Amino acid sequence: MTKIFKYLLIGTFFVSLFACENEDYQGPIPYPTLMEAAEDAGLTTLVTAVRSIPGLEATLQDQNEITVFAPTNEAFANALVAFDAGDLDELVENIGGPMNLETVLGFHVVPTVIFSEQLDETNVVTTLSGQQLTVNRAPGVVTVIDATGATATVVQADVEIENGVVHVIDRVLIPSIELPSPNLVEAATEAGLTTLLEAVTAVDGLADNLLAAGEITVFAPTNEAFAAALEVFGAADLNELMLKIGGIENLERVLGFHVVPAVAFSSDLEASNTFTTLAGQDIVVEVAGGEVTVTDQLGRTARVVAADVEIANGVVHVIDGVMLPDLMLPNVVEAATGAGLTTLIDAVTAADLGDALLNADAITVFAPTNEAFGAALEAFNADNLDQLVARIGGVENLQTVLGFHVVPAVAFSSDLEATNTFTTLAGQELTVEAGDSGVTVTDALGNTSNVVTADVAIENGVVHVIDGVLLPEFTLPNVVEAATAANLTVLLDAVTAAGLGQTLLDAEEITVFAPTNQAFVDLLGALSLNSLEELIDAVGVEELVRILGFHVVPATAFSFDLADGEQTVPTLADEELTVTRSGGAVTVTDARGNTFDVVAADVAIDNGVVHVIDGVLLPSEDLPNVVEAATDAGLTVLLDAVTEAGLGQTLLDAEAITVFAPTNQAFVDLLNELSLGSLDELVDAIGIEGLQKVLGFHVVPSVAFAADLQEGEQMVPTLADEMLTVTRTGNSVTVTDAEGNVYNVVTADVAIENGVVHVIDGVLLPTL
């Protein structure tokens, strides 16, 4: 600044001198150039930077008007630190070369003159770099905001130069520039991937090889991913992890498995991509919904949490998991096969758990011997694994039992405390104790098994062979729950209507032959009924109880408990049911000769077993005949008339009939109308044949429950060889005789063994 004042003094001197010599001289005061002003202010780094760009000094000098925001040496020193540079040359290299430096310097120059007093509160100006600066003025302070959002403060304003003005600032302004890419180590360091760097450094020469590689894509695990891997392998640090995965060679294989020898930005990826890594094994990279995932050799998936970190020789994608190649350890199935645990393998296959165990991140398996499974079969009275599965409640409970043998963590025997409680894949706890005499495992029922072979390492954990099958707590459904799960809704409704639910739940042992919904639909169709309610109305609750009881055997009989061939078994209906087993097929035959198939056998319940069948079993018929029904209804005059006409046996022997049965009052009304005193007088009046015709006019030779009738009027044949008019209006039914008399059905749908009776309030007269 001293030199700037010197120029001002010299200018004043020349003005005075010229004034003395030439009173008319009005020339300008000679201001310094930009570079002279900068040198005088001690802005040596700025001067050096400008002069390092050929022609830049002349370009700035040739500008008609400029405003320069000139960083102090301290500002440049801070920029060196920010860009990890030791000097100006290194800074130029780190920001991308001389062209970017020229952009940076041009970003400090505005091609117009702006004194501080000319500034508004907020000003947006375009620089020589073509990018904009925001200049803010507040009382006593001027600030400048660059492209990164950083703010510089003007520490000396309004230094005039010959073509403009300089404002000295305390920060280097950064425009929008493309910076050079770091190398892999620099990028990992900047991202804080310290564990990855430690692992790479542990493998001699690996870092140099990666830095020297032509093109690479690195899937770089976070520190948290490595921490999770340490936890999975039960390792306290990287060295311990290295031991558990098989040494330095496998560590190099693991790290190489994260590197693809080609450049693949996320935008280069297809929906599914398979890449061969430096480990010589493939990884699968998938893109879905804007998310990139990486799947390793074991099917484990890691998610890209920071994509497209460009490095000098490729790109880094940060992932949230450590990917594992094939480390040449056996999987759990191979280990079990090698140990001769064939029954365990059969059980795992039956439960469809193989993939779950193979794909699990970390497991400890307590694997029962074949002899242990043999003892379990004997305890459950099963001849083979299939029977054992049926008796314990099916595949789901087998999965629970097998899951109870698997801990979702790695526990070598050396990792165990004296007493350990592990939560298994079954969600239940297992107690493992280690002592001088060995390791024991105690199940949910208090049974203790011994580890007979410990620490069989597998690719995702460890196997300990034990001498017993461990049993968790598992529950079987009750009969209602089983029927609900099988969607046997009509059966449940029927059981509820019959009030049999608690009886079945409280029974000590039962075998239930449970009809499907379609079976009930088929029965209703055969009876010309539309709903369960109509069936109950037709047969009554007592008969429904008998029908349902005919489906229940008071003992437990799985399909494999049945003898081959035909056998009869007692039911709750006090009638025997015929059950036939032929190989793996089972059929049941009811009291009426109907045979149905068991379509789903051996559904274990808490007090027995359910077999689902495709038909409704019917016990022997127990409906009243027409005479019994009339007697029960108190239709004594009708019965006398039928007896007088000799029609009783005819009605009893008919294959199918619908009887419109007049009440006693109906007969009284008819006799009064005819001025007759008794049934005998009526017979005398019309004769036996006439009586037979009158009674026959009340009988239709087919079965027609009220629900079978069409809405409106319909003509139906009768035993009198004359058509009867029947009219249904909603739930009301009327009958009209040959003389046009209309009577009401007062009691409908009284089921009889060969049809149905409808009680009416009048005597129907045919044409006599």
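From a predicted model like this one, the values you see are computed outputs, not experimental measurements.
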- Task: Mark yes or no for whether Q131, through its side chain, and S176, through its backbone, hold a donor-acceptor pair below 3.5 Å.
- Result: yes

- Roughly how far, to the nearest 0.5 Å, is CG of L105 from CG of L46? 7.0 Å

- Message: Taking L211's backbone N and O only, do any of them form a donor-acceptor pair with N183's side chain (distance below 3.5 Å, no angle check)?
- Response: no

- Does D204 CG have over 12 foreign heavy atoms under 6.0 Å away? no

- Message: I need the D296 CG to L324 CG distance, nearest 0.5 Å.
- Response: 5.5 Å

- Task: Determine whether more than 12 heavy atoms belonging to other residues, nucleotides or ligands lie under 6.0 Å from atom CD of E186.
- Result: yes

- Could you check L255 against L278 for side chain to side chain contact (heavy atoms under 4.5 Å, CB included), going step by step and ending with a plain yes or no? CA-CA 9 Å; L255 294 173; L278 292 185; over 6 Å; no

- Message: Could you check whether N447 and D443, counting side-chain N and O atoms only, form a donor-acceptor pair closer than 3.5 Å?
- Response: yes

- Would you say the side chain of I311 lies within less than 4.5 Å of the side chain of I216, judging by non-hydrogen atoms? yes

- Should we count CD of E334 as having more than 12 external heavy atoms under 6.0 Å? yes

- Message: Is it the case that over 12 heavy atoms from other parts of the model lie below 6.0 angstrom from the CD atom of E231?
- Response: no

- Does P368 reach the side chain of L341, with side-chain heavy atoms less than 4.5 Å apart? no

- Yes or no on side chain to side chain contact (heavy atoms under 4.5 Å, CB included) for E198 and F226, after CA distance, side-chain angles and deciding distance? CA-CA 11 Å; E198 183 184 352; F226 272 103; over 6 Å; no

- Note on the structure: Minimal heavy-atom distance between T364 and A411, with the atoms involved, is OG1-N, 2.7 Å

- Ignoring hydrogens and angles, state whether a donor on the side chain of T45 or N73 is under 3.5 Å from an acceptor on the partner side chain. yes

- Message: If you compare all heavy atoms of N384 against all heavy atoms of L377, which two are closest, and at what distance to 0.1 Å?
- Response: O-CD2, 3.3 Å

- In terms of heavy-atom contacts, T301 and T293 come closest through CG2-CB, 3.5 Å

- Message: Rounded at 0.5 Å granularity, tell me how far CZ in R300 sits from CG in N359.
- Response: 9.0 Å

- Message: Once rounded to the nearest 0.5 Å, what's the spacing between atom CD1 of I95 and atom CD of E178?
- Response: 13.0 Å

- Query: Counting only N and O atoms by type, is there a donor-acceptor contact under 3.5 Å from the side chain of T217 to the main-chain atoms of V315?
  - Reply: no

- Message: A side-chain contact here means heavy atoms from C-beta on lying under 4.5 Å apart; do H108 and V144 qualify?
- Response: no

- Would you check if L298 and L358 make a side-chain contact, meaning some heavy-atom pair closer than 4.5 Å? no

- Query: Is the shortest heavy-atom distance from the side chain of L353 to the side chain of Q399 under 4.5 Å?
  - Reply: yes

- Message: Could you tell me if the side chain of L269 sits less than 4.5 Å from the side chain of F275, heavy atoms only?
- Response: yes

- Task: Check whether any side-chain N or O of D308 sits under 3.5 Å from a backbone N or O of F265 as a donor-acceptor pair, and report yes or no.
- Result: no

- On a heavy-atom basis, the closest approach of L193 and A220 is CD1-CB, 3.6 Å

- Query: Where the side chain of N136 meets the backbone of T143, is there a donor-acceptor pair that is under 3.5 Å apart?
  - Reply: no

- Roughly how far, to the nearest 0.5 Å, is the CG atom of D346 from the OG1 atom of T342? 6.0 Å

- Task: Grab the two heavy atoms, one from A457 and one from P330, that are nearest each other, plus how far apart they are.
- Result: O-CG, 3.6 Å

- Query: Considering all heavy atoms of both residues, which atom of V432 and which atom of V441 are nearest to each other, and what is their separation?
  - Reply: CG2-CG1, 4.2 Å

- Query: What pairs with H317 under ring pair (Phe, Tyr, Trp, His ring centres under 6.0 Å), at least two apart in sequence or on another chain?
  - Reply: F219

- Message: Tell me if the CG atom of D415 is crowded by more than 12 foreign heavy atoms within 6.0 Å.
- Response: yes

- Note on the structure: The single option from T295, T274, T276 that satisfies side-chain hydrogen bond (donor to acceptor under 3.5 Å, both in side chains) with D282 is T276

- Between the main-chain N or O of D84 and the side-chain N or O of N94, is there a donor-acceptor pair closer than 3.5 Å? yes

- Item | Pair I458-L329, side chain to side chain contact (heavy atoms under 4.5 Å, CB included): steps then yes or no | CA-CA 5 Å; I458 57 175; L329 293 172; 5.8 Å; no

- Query: Given V395 and D352, is the side chain to side chain contact (heavy atoms under 4.5 Å, CB included) satisfied, shown in steps?
  - Reply: CA-CA 9 Å; V395 170; D352 196 24; 6.0 Å; no

- Any donor and acceptor pair, going by atom type alone, linking the side chain of D87 with main-chain N or O of E90 inside 3.5 Å? yes

- Going from CZ on F404 to CG on L471, what distance comes out if it is rounded to the nearest 0.5 angstrom? 8.0 Å

- Task: Spell out, as yes or no, whether a donor-acceptor pair under 3.5 Å connects the side chain of E102 to the backbone of I53.
- Result: no

- Any side-chain heavy-atom pair from L357 and V406 closer than 4.5 angstrom? yes

- Query: Would a distance-only check, ignoring hydrogens and angles, find a side-chain to backbone donor-acceptor pair under 3.5 Å from N460 to V332?
  - Reply: no

- V172 side chain near D146 side chain, heavy-atom distance below 4.5 Å: no

